[in-house]
Amino acid sequence: MTIRILYFARLRDVLRTGEEELALPEGTTLAGLVALLVARGGDWAAEFGGARVFRAAINQDMARPDDVIPAGAEVALFPPVTGG
Amino acid sequence: MTIRILYFARLRDVLRTGEEELALPEGTTLAGLVALLVARGGDWAAEFGGARVFRAAINQDMARPDDVIPAGAEVALFPPVTGG
Amino acid sequence: MDVTIRVQEGDFSLAEEYAKLTGRPEAGAVVAFVGSVRDVASGLASMTLEHYPGMTEKQLGKIVTEAGTRWPLSAVTLIHRVGELQLTEQIVLVLTVSAHRDAAFAANQFIMDYLKNEAPFWKKESTGAGEAWVEAKDSDAAALARWDAQ
Amino acid sequence: MDVTIRVQEGDFSLAEEYAKLTGRPEAGAVVAFVGSVRDVASGLASMTLEHYPGMTEKQLGKIVTEAGTRWPLSAVTLIHRVGELQLTEQIVLVLTVSAHRDAAFAANQFIMDYLKNEAPFWKKESTGAGEAWVEAKDSDAAALARWDAQ
């Protein structure tokens, strides 16, 4: 299946990308996707594999590590929010 | 000593007076003043001697029964407040 | 702390009072409370607000000063109307300005809770059934009690 | 419950938004919160607010709906700006209208606490020292936790 990933704010700046498409096995969880990103090494490993806190949304709802990503989903990864 | 007493809101309507002067012995407390008013009987006894709740101020500060009334004081008696 | 306290018959403008308090570099949070005349079960025609001139201003000043000792406020505006008011007319405005939203919220609520219990105002409602003085509510005294514990 | 939610670059007017919500016979209490760009120790030049279009509106809608299930509200207005903002400019407006002041206060604070933690906005500050993304504060998460206990 194919999903779309969006990066926001500091994460987008550090990773130098705001959006990408990725092919994943059906049933991949959010934690599984994050493991794939960490395997890219470099900034990816530093941002998603270490002590840095980040948040995730699946189809515009806040998501947790064991949530399964549906086919065609819009997944967003971003720093803790700071609005208001 | 002489003091001035003010009545507000429902109390003023029931007692049919908004203000009076009264001569009192030095050292009279608020409770002592209230006892004098109750002794007038009728509406005075009903308002100040029964279950009806009222509040008092001495010189524009909220006061308690055992507060001593200074000479020349402005004493106010009124129902619990309902502003805001 | 800049303090404005007014007791007046005429209406007030939230927009004007808010505009006076903006443009402060330290003021990240403004909370406004506006209380208005609302309908009652018996069908309100109008309301008359009586007060105790002199004591009112003194009590409102004490309440605002106390709020300023409890929270870091840069400005407070407190306006309360008296006289005859019609349904939906504004009665009271409290504006609190602080660097922090929790302080602005807490101070605003504190001022309203104290005002409801300790400022000498009395409401008389005029309805189809005639005129009657409003009785004080236990819930207002309960609201006040929460601040003593802090 | 009448709900207005807007995410916009342009400024908003507290006066206009308040005027739209007045004149309701049941609305005895209106609470307004306005958050503005405030100065920081390093000397703020300007601030840029980024958001996640689509998710922002969805999350704000959920927060306001949740507030409406917890308190008896007759109207809520929530406006949040994005883009570049200068010192003292307005960022966010929350207006809550209820028959009861406690409900209007609580719902307003609830909406701000959830917005601070769950609405996808991010601030970047530009100061004399350069540009930097603002880090989330633990105090905002703590403010949110109090609602779970209720």
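First the proteins, then the strands, lettered A, B, ... as listed; each starts at 1.
Of the possible polar contacts, one joining the Lys123(C) side chain to the Gly84(B) backbone as a donor-acceptor pair under 3.5 Å is found.
Among the candidates His80(C), Glu50(C), Glu135(C), the residue making the largest number of heavy-atom pairs closer than 4.5 Å to chain B is Glu50(C). With chain C as the partner, the residue from Asp13(B), Leu6(B), Val53(B) showing the most heavy-atom pairs under 4.5 Å is Asp13(B).
Proximity to chain B is limited to the side chain of Lys62(C), based on heavy atoms less than 4.5 angstrom apart. Residue contact with chain B, scored on non-hydrogen atoms closer than 4.5 Å, involves the side chain of Lys58(C) exclusively.
Note that CG of Leu11(B) is 10.0 Å distant from CH2 of Trp133(C), once rounded to the nearest 0.5 Å. Of the inter-residue distances, the one linking Arg55(B) atom CZ with Glu118(C) atom CD reads 9.5 Å to the nearest 0.5 angstrom.
For residues 82-114 of chain C, a heavy-atom distance under 4.5 Å to chain B picks out Ile91(C), Val92(C), Met112(C), given by residue number. Contacts from residues 56-83 of chain B to chain C, taken as heavy-atom pairs separated by less than 4.5 Å, involve Ala57(B), Asn59(B), Gln60(B), Asp61(B), Met62(B), Glu74(B), Ala76(B), Phe78(B), Pro79(B), Pro80(B), Val81(B), Thr82(B), Gly83(B) in sequence order.
Atom CG of Asp138(C) sits in a sparse spot, with 12 or fewer heavy atoms from other residues, nucleotides or ligands closer than 6.0 Å.
Counting heavy atoms from C-beta on, the side chains of Trp122(C) and Arg10(B) never come closer than 4.5 Å.
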